[in-house]
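Structure first, commentary second.
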Amino acid sequence: MSDVILRERRDAIEILTVNRPKALNALNQEVMDTLHEIVGELSMDTELRAVVLTGSGKAFVAGADIASMQELHPLEAEAFAGSGQDMGEAMNRLQVPIIAAVNGFALGGGCELAMCCDIVLAGERALFGQPEVKLGVIPGFGGTQRLIRRVGMAKAMDLCLTGRMVKAAEAVQMGIASRLVEGDVLEAAIETAETIAKNGPVAVRLAKRALIENEDVSLEAGLKAERSLFALCFSTADQREGMAAFLGKRAADFTGQ
Ligand code: DAK
């Protein structure tokens with residue numbers, strides 16, 4: 001089994017660590033294929049409640065692997081970008097939330113990978129950026145598109161055209177990251193995952209779906225989808241348990257049914 005992604009299970013939470021610290025966890029084909037495969041495996045895991053994604057050493061992920069991209073033919077580059085984009089879509093389709101613990105550099109493909117996560121926690125040493133133009137290329141794993149949606153055109157242009165890095169506080173203020181964490185960002189991500197794991201499992205999955213699947217639709221279509229997913233909650237034991245527990249002034253014991 002490849003060790004480019006380390007896996008640790010803590011009850012209902014899976015912790016994934018991109019593990020190529022000598023190359024600042026740069027994404028080569030092996031990392032992307034392994035991550036994609038793991039996400040596929042996790043999609044069948046009914047006990048899973050949340051995933052945490054982080055990097056070994058001083059980087060989250062410092063981008064796509066420049067050494068393995070250097071000699072790409074345009075069609076190979078298209079396939080490489082395609083596999084990165086597919087991996088991102090698989091992360092979005094995973095029903096449970098993925099929390100990025102950004103412990104250091106999140107550049108290029110690393111920033112794009114963080115933006116494929118549902119919650120992005122930025123540690124004090126986190127640095128985000130899309131420096132591809134410095135290498136004579138543009139973001140290829142969805143960076144331009146996900147940035148526009150997260151931060152708007154003006155800021156997306158600034159980041160993609162200058163290639164400058166932004167620190168955690170600015171990344172939060174821009175909307176790339178959800179929250180700045182002082183102290184151990186991985187522990188904060190695990191705590192966030194544990195908080196999510198205590199909530200109604202079906203509701204968490206449906207809330208992620210309501211947000212992800214309707215980002216690009218009209219308000220009217222999004223509200224319609226939300227109504228249907230809200231109604232679906234009322235077919236679950238979790239809804240009955242959650243409301244009964246509240247009214248009975250006790251903690252809910254959700255079964256994920
Ligand atoms: N790829 C490969 N190796 C990398 C790397 C990367 N992205 N980033 C760092 N490394 C390696 C360095 O080469 C160095 O290796 P050794 O020399 O020790 O063998 C080691 O990691 C440590 O890096 P440094 O010595 O440079 O460490 P520093 O602390 O001094 O600097 C840094 C850290 C993050 C500022 C610096 O390493 C850096 O600027 N790295 C490159 C960051 C970057 O440009 N990232 C974006 C990569 S481009 C597309 C598909 C995808 C993409 C684009 C198009 N299509 C096909 C359309 C995506 C592109 C990218 O992500």
Side-chain angles (χ1 to χ4, degrees), residues 2-6 16-37 39 53-92 98 100-117 120 122-151 155-171 174 176-177 185-186:
S2 158
D3 65 353
V4 293
I5 306 282
L6 304 178
L16 304 178
T17 305
V18 184
N19 183 42
R20 295 186 69 219
K22 287 187 182 152
L24 302 187
N25 305 322
L27 300 171
N28 59 13
Q29 196 67 55
E30 187 187 6
V31 175
M32 292 193 300
D33 290 347
T34 307
L35 189 54
H36 199 160
E37 197 182 309
V39 170
L53 179 64
T54 193
S56 282
K58 70 174 184 178
F60 176 68
V61 165
D65 190 293
I66 298 167
S68 58
M69 276 194 301
Q70 189 184 11
E71 301 294 341
L72 290 183
H73 177 278
L75 291 178
E76 291 170 333
E78 193 182 6
F80 185 61
S83 63
Q85 292 177 355
D86 289 349
M87 183 182 72
E89 283 174 28
M91 290 167 68
N92 287 163
I98 306 179
V102 180
N103 51 310
F105 297 111
L107 303 175
C111 187
E112 293 167 306
L113 183 67
M115 290 192 291
C116 291
C117 296
V120 179
E124 288 165 295
R125 288 203 295 271
L127 281 167
F128 297 82
Q130 298 290 161
E132 288 88 343
V133 284
K134 294 177 192 267
L135 301 167
V137 293
I138 69 166
F141 294 159
T144 59
Q145 300 313 300
R146 287 202 170 84
L147 258 188
I148 297 179
R149 286 164 176 76
R150 281 195 176 228
V151 308
K155 290 172 184 150
M157 281 287 185
D158 179 19
L159 292 180
C160 291
L161 303 186
T162 64
R164 76 184 177 90
M165 291 188 215
V166 298
K167 292 183 182 168
E170 189 177 359
M174 279 182 154
I176 299 176
V185 68
L186 177 57

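When a ligand or atom number is given, it counts from 1 through the structure's own listing order. For the single chain, residues carry numbers from 1 onward in sequence order. Predicted model only: the values in this text are computed from it and were never measured.
Contact between Met91 and Cys117 at its shortest, heavy atoms only, is CE-SG, 3.7 Å.
Residues that satisfy the salt bridge (charged side-chain N to carboxylate O under 4.0 Å, His left out) test with Arg164, not counting sequence neighbours, are Asp158, Glu170. The salt bridge (charged side-chain N to carboxylate O under 4.0 Å, His left out) search around Arg146 returns none, not counting sequence neighbours.
One finds the CE atom of Met87 at 10.5 Å from the OG1 atom of Thr34 (value rounded to the nearest 0.5 Å).
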Distance-only donor-acceptor hits, side chain of residues 134-145, under 3.5 Å, sequence neighbours excluded:
none

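Contact shell of ligand 1 (protein heavy atoms, cutoff 4.0 Å): Lys22, Ala23, Leu24, Ala26, Lys58, Ala62, Gly63, Ala64, Asp65, Ile66, Met69, Ala77, Ala81, Phe105, Leu107, Gly108, Gly109, Pro131, Glu132, Leu135, Ile138, Gly140, Phe141, Met165.
Side-chain contact, Ser83 with Gln29: a donor N or O sits under 3.5 Å from an acceptor N or O.
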